[in-house]
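Notes follow the structure.
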Amino acid sequence: MTDLDAVEVRIWDLLAPYRDELEDATIYSMPSLRWPGVKGHDYFAAVQRSAKKVSLYAIAVETWPEALDGASAAFAKRRTGKATFSFPTLDDEMAAEVEAFLARLYVPYRAHHAGAPTA
């Protein structure tokens, strides 16, 4: 998959399972998903497209870096900032990595906001 439109759609598709509990928001004009009622940088994920890539901002990884445990070296190379993961392409293997990362990250994010125990 090389078309950036398709990359962006696929990232949002990977975030779709979290829409049941999260609300649409923006952070710095970027569309994001956050726990209802939270403010500022306490979002779960934001997505921004540029001319050459689509970036997934997962600020919660700064609080729960263990969400990266088990990630491949290829996924780690997509990390271009503290909480930024950049995707000029997104094949099935990398999409599966993103999906697994988001699932690992959501457990503590949800627990923090909902008061649920972590796994």
>> Whether the side chain of R34 engages the backbone of Y43 through a donor-acceptor N/O pair (distance < 3.5 Å, no angle test) should be reported.
In response: no

> Does CD in E93 sit with more than 12 non-hydrogen atoms of other residues, nucleotides or ligands closer than 6.0 Å?
Replying inline: no

>> Please determine whether residues W35 and W12 belong to a single hydrophobic cluster, defined as Ile, Leu, Val, Met, Phe, Trp and Tyr linked transitively by side-chain heavy-atom distances below 4.5 Å.
In response: yes

> Taking atom OG of S50 and atom CG of L4, what is their separation to the nearest 0.5 Å?
Replying inline: 7.5 Å

> Got a second to check how far K77's NZ is from S86's OG, nearest 0.5 Å?
Replying inline: 15.0 Å

> How many angstroms lie between atom OG1 of T84 and atom CZ of R78, to the nearest 0.5 angstrom?
Replying inline: 14.0 Å

>> Holding to side-chain hydrogen bond (donor to acceptor under 3.5 Å, both in side chains), I want the full list of residues that pass it with E66, two or more places apart in sequence or in another chain.
In response: none

>> Nearest 0.5 angstrom please: S55 OG to I11 CD1, how far?
In response: 8.0 Å

> Which heavy-atom pair separates I27 from A46 by the least distance, and what is that distance?
Replying inline: CG2-CB, 3.9 Å

>> Checking the side chain of Q48 only, and the main-chain atoms of V54 only, is there a donor and an acceptor separated by less than 3.5 Å?
In response: no

> What are the two closest heavy atoms between F101 and A67, and how far apart are they?
Replying inline: CD1-O, 3.6 Å

> Closest approach of F44 and L102, non-hydrogen atoms and distance?
Replying inline: CZ-O, 3.6 Å

> Out of curiosity, does V47 fall in the hydrophobic cluster containing V38 (side-chain heavy atoms, cut-off under 4.5 Å, transitive links)?
Replying inline: yes

> Does the side chain of E23 reach to within under 4.5 Å of the side chain of P36, using non-hydrogen atoms?
Replying inline: yes

> With distance as the sole criterion, is a donor-acceptor pair present between the side chains of H112 and D42 under 3.5 Å?
Replying inline: no

>> Please report the interatomic distance CG(L15) to CG(L56), rounded to the nearest 0.5 Å.
In response: 6.0 Å

>> Looking only at side-chain N and O atoms, does H41 offer a donor or acceptor that is under 3.5 Å from a partner on Y57?
In response: no

> CZ of F87 to NZ of K53: how many Å apart, nearest 0.5 Å?
Replying inline: 12.0 Å

> Does the pair R10/D92 count as a salt bridge with the N-to-O cut at 4.0 Å?
Replying inline: yes

>> Once you measure the plane-to-plane angle for Y18 and Y106, does it fall in the parallel (<30°), tilted (30-60°) or perpendicular (>60°) bin?
In response: tilted

> Are L14 and F85 connected, step by step, through hydrophobic side chains (Ile, Leu, Val, Met, Phe, Trp, Tyr) whose heavy atoms are closer than 4.5 Å?
Replying inline: yes

> Are side-chain heavy atoms of R79 and L68 found at a separation under 4.5 Å?
Replying inline: yes

> Of all heavy-atom pairs between D91 and M94, which one has the smallest distance, and what is that distance?
Replying inline: OD1-N, 2.8 Å

